Amino acid sequence: MTEMILALHGATTSLVIECPASGPPLWRYWGPRLADDFASGPALGDTRPTPSFSLDETLSFAVFPTFGLGWFGQSALIAHRAGQDFAQGFGAAEVEWLEAGKALRLSLVDDVAQIAVTIGLAMDGDVLTISTALTNRGDEPIDIGWLASATLPLPDDAALVRSYSGRHNGEFLLCEDVLGRNIWRKENRRGLTSHDAFPGGVVALPATSAHAGVAYGAQLAWSGNHVQSVEWLDDGRYAWQLGEWLAPGEMQLAGGETYATPDVIATCSLAGWAGVADNFHGAIRRLIHWPDGQMKPRPVHLNTWEGYYFDHDLPALLTLADAAAEVGIERFVLDDGWFLGRDDDSSSLGDWSVDPRKYPDGLGPLAHHVVAKGMEFGLWVEPEMINPNSDLFRAHPDWALQIAGRPMQTARNQLVLDLSRGEVCDYLFESIAKLLRDLPISYLKWDHNRDLVAAGGSDGRARYHAQILAAYALFDRFRAAFPDVEIEACAGGGGRIDAGIVQRTHRFWTSDCIDAVSRITMQRGFLQFMPPEIMGSHIGTAPVHSTGRTQQLDFRAAVALQGHFGVEFDLVKLGADDRARLGQWIRFYKDWRHLLHGQIWQGDAGDNMLWHAAGSAEEWILIVYRMQPMQYRHMPPVRLPFVRLDTHYQIDRIGPDAPSESRSFDGSWLCKAGMPVPPMMAECAAIYHGKRL
Ligand code: GLA
């Protein structure tokens, strides 16, 4: 019996699978790159005598481990057929190379349980995309309780999981957990991606730091319920699983039906968790579908929400548009409050026609005015929602997700529409498409302001999975009909940020909290998984509505520069000096966005200073933030691990009113010893432009 070794090589990493002649594929390796002609030595089984108190034929860690036939770790599948076929197992896989050395498909068949499983693995750079599909080959339905998108091997010295928790107004809160012998598990059952459990994480080895050492990352491309777990295995390795969390009974496959899981995007980097972020940024950039196939420079936004809330007054908004154009705004987004009877959050979701009390001649006068001023016009919608107090609900109370005999629990006074009903999506598409056809709208901010509960359909069955697929289809329908319209994904801020929705959208609203101090931490979490150009980051007002803190305009601007820059307050109320200053910051962003939306690096400089750099190793912008008052007598130099060691840099201090300062440094000095920075007050920033000499 001979085994076959399958290897996928990336630029700096490799993945190796052993396919025994008579058993299912086994994990052998995922980590730093092997030689092209590496030899993996004897088959795994040949190096492992049977331990005491074990099956005579013990099972090794399979690419698709299953329950009931000798594997005692987490299964990639929990399924049964009316109580039968609860155990599954596979023989040798059929291997099909889709691209030599880069992409393959493993096909597994269990003739007893009558299921077939295919696993796709593709390596691009150092990023793996993995997905799994299960087909019911029997005549009777099979119930799937769990089907992992991927089960990945982690080495025995995996030490730490960095995952992200949070809440509305406080997304991307870093959680660091030490891996031990107990299972580490994170689940989300909120029905959308959620504020409190980002569907992914980073695993680091003991010596790994932000910019050095081996780190692994994975994220699930899915906008609904999800699970990830890391489990210690009895050969010392860890198994990392990610997949969709399935509600009871919601995934029942009739004979011949297939459940295809969401993809997992995974990567290994030798450059710490910053390297993982960099790999993810490349992968996410490849997933975004820009109008015309290419991202245009990210336009400066003005969003009306925090400046105006529901108080839409046409003359005031026309004046705002004039002021916005004057300071250099490029996209004017009219937020919530424009549609029939929407004076607060208690009514009208679902009634997607313009409120004639606020806009007697429709949105045309405002939209055309905005466009005439040289800006794009964007509009807020929340298609998946319905208020009980709406004409739509009065006409179709059965359109909301619900369970007979259970209360309809509102959140922010609203319920969720059952998108798996074709007539619901047709209604939503037609009513919003009419606006897109009639008006010069080039942008939608698409919101989703609540979790799903009692998410049952008219047949009484759970609709969580179906809801996400139907939402994706609705996004896709809009994208197909209006390919030039960009879409922002929002869910009470950052409740729907993931690699699934990003394939249909072009920007995320990171958080409803626009406090610059809070945002720095949240934006760091966001940037672990997503690139900067899709991170909505606005200059808000002071004091901040969500926290009550006050920060200087310059600091707020320096924090907003990390992402897709915008303004979210009533700038008509700004004094002349502040308005001029805001205009300078907008100009600054426009001048440097080509670097700000390049490769990024982030670090901690000590004594409560953080830094963020963007561009390339040849030319970059560096922003140094002082978060708290100085505790050291002198500011420590900032070490820059991303520069080229073999070159010199010209470094200039830049930004509105920046002191004139121009120096040159050797790259090795910047990297190892660091760049001196001046003393700063708390909540201040210094910005530098570095260029290779
Ligand atoms: C959510 C969004 C906000 C705003 C409001 C409107 O909270 O995150 O940005 O659009 O809804 O109701």
Side-chain angles (χ1 to χ4, degrees), residues 166-172 190-196 223 301-312 317 320 331-352 354-355 358 363 377-387 389-390 410-417 432 435 441 443-452 486-498 501 505-515 518-519 522-523 526 534-541 544-547 560 563-570:
R167 55 174 285 247
H168 176 237
N169 276 330
E171 291 83 342
F172 287 106
R190 290 182 178 272
L192 81 165
T193 321
S194 88
H195 296 83
D196 46 353
S223 311
H301 275 214
L302 180 284
N303 185 292
T304 59
W305 180 240
E306 288 212 355
Y308 289 77
Y309 290 113
F310 298 100
D311 190 12
H312 288 208
L317 289 168
L320 176 67
R331 183 183 275 159
F332 182 103
V333 182
L334 186 69
D335 212 286
D336 197 354
W338 57 267
F339 48 99
L340 209 61
R342 183 74 167 172
D343 294 334
D344 54 37
D345 66 12
S346 68
S347 76
S348 307
L349 289 169
D351 298 342
W352 299 112
V354 181
D355 192 331
K358 297 177 183 175
L363 286 177
F377 183 71
L379 193 65
W380 180 94
V381 289
E382 198 179 0
E384 288 131 303
M385 298 298 153
I386 181 168
N387 283 115
N389 183 8
S390 66
T410 51
R412 208 193 188 207
N413 306 304
Q414 62 201 55
L415 299 166
V416 185
L417 287 165
I432 296 169
L435 294 161
I441 297 172
Y443 190 77
L444 286 179
K445 178 179 174 188
W446 185 316
D447 215 333
H448 185 300
N449 277 317
R450 62 159 293 172
D451 298 329
L452 270 55
E486 287 188 17
I487 303 180
E488 172 169 0
C490 175
R496 185 154 65 176
I497 295 174
D498 61 76
I501 203 88
T505 54
H506 309 91
R507 188 186 206 248
F508 289 117
W509 182 224
T510 315
S511 176
D512 276 349
C513 173
I514 325 183
D515 177 311
S518 308
R519 266 303 183 106
M522 294 189 236
Q523 292 181 178
F526 178 101
I534 57 171
M535 179 176 74
S537 51
H538 294 174
I539 303 179
T541 193
V544 184
H545 292 184
S546 54
T547 64
H564 180 177
F565 192 86
V567 175
E568 186 160 339
F569 62 89
D570 184 3

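Treat the numbers as computed from the prediction; the structure is a model and nothing was measured. Order of listing sets the numbers, starting from 1, for every ligand and every atom in it.
In summary, Arg496 and Glu384 engage in a salt bridge, as defined by a charged side-chain N under 4.0 Å from a carboxylate O. Under the 4.0 Å criterion applied to side-chain N and carboxylate O atoms, Asp336 and Arg342 are assigned as salt-bridge partners. In summary, Asp345 and Arg412 engage in a salt bridge, as defined by a charged side-chain N under 4.0 Å from a carboxylate O.
Exactly one residue among Tyr308, Phe377, Trp380 makes a side-chain contact (heavy atoms from CB on, under 4.5 Å) with Leu334. That residue is Phe377.
Heavy-atom minimum distance, Ile501 versus Thr505: O-OG1, 2.8 Å.
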Is there any protein N/O under 3.5 Å from an N/O of ligand 1, and what does the full list of such pairs look like?
{"unit_1": "ligand 1", "atom_1": "7 (O)", "unit_2": "Asp512", "atom_2": "OD2", "d": "2.7"}
{"unit_1": "ligand 1", "atom_1": "8 (O)", "unit_2": "Gly493", "atom_2": "N", "d": "2.9"}
{"unit_1": "ligand 1", "atom_1": "8 (O)", "unit_2": "Asp512", "atom_2": "OD1", "d": "2.5"}
{"unit_1": "ligand 1", "atom_1": "8 (O)", "unit_2": "Asp512", "atom_2": "OD2", "d": "3.0"}
{"unit_1": "ligand 1", "atom_1": "9 (O)", "unit_2": "Lys445", "atom_2": "NZ", "d": "2.7"}
{"unit_1": "ligand 1", "atom_1": "9 (O)", "unit_2": "Trp509", "atom_2": "NE1", "d": "3.4"}
{"unit_1": "ligand 1", "atom_1": "9 (O)", "unit_2": "Asp512", "atom_2": "OD1", "d": "3.3"}
{"unit_1": "ligand 1", "atom_1": "10 (O)", "unit_2": "Asp335", "atom_2": "OD1", "d": "2.7"}
{"unit_1": "ligand 1", "atom_1": "10 (O)", "unit_2": "Asp335", "atom_2": "OD2", "d": "3.2"}
{"unit_1": "ligand 1", "atom_1": "10 (O)", "unit_2": "Trp380", "atom_2": "NE1", "d": "3.0"}
{"unit_1": "ligand 1", "atom_1": "10 (O)", "unit_2": "Lys445", "atom_2": "NZ", "d": "3.0"}
{"unit_1": "ligand 1", "atom_1": "10 (O)", "unit_2": "Asp447", "atom_2": "OD2", "d": "3.4"}
{"unit_1": "ligand 1", "atom_1": "11 (O)", "unit_2": "Asp447", "atom_2": "OD2", "d": "2.9"}
{"unit_1": "ligand 1", "atom_1": "11 (O)", "unit_2": "Asn449", "atom_2": "ND2", "d": "3.1"}
{"unit_1": "ligand 1", "atom_1": "12 (O)", "unit_2": "Asp336", "atom_2": "OD2", "d": "2.6"}
{"unit_1": "ligand 1", "atom_1": "12 (O)", "unit_2": "Arg412", "atom_2": "NH1", "d": "2.9"}
{"unit_1": "ligand 1", "atom_1": "12 (O)", "unit_2": "Arg412", "atom_2": "NH2", "d": "2.9"}

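For Asp335, the salt bridge (Lys or Arg N to Asp or Glu O under 4.0 Å) partners are Lys445, not counting sequence neighbours.
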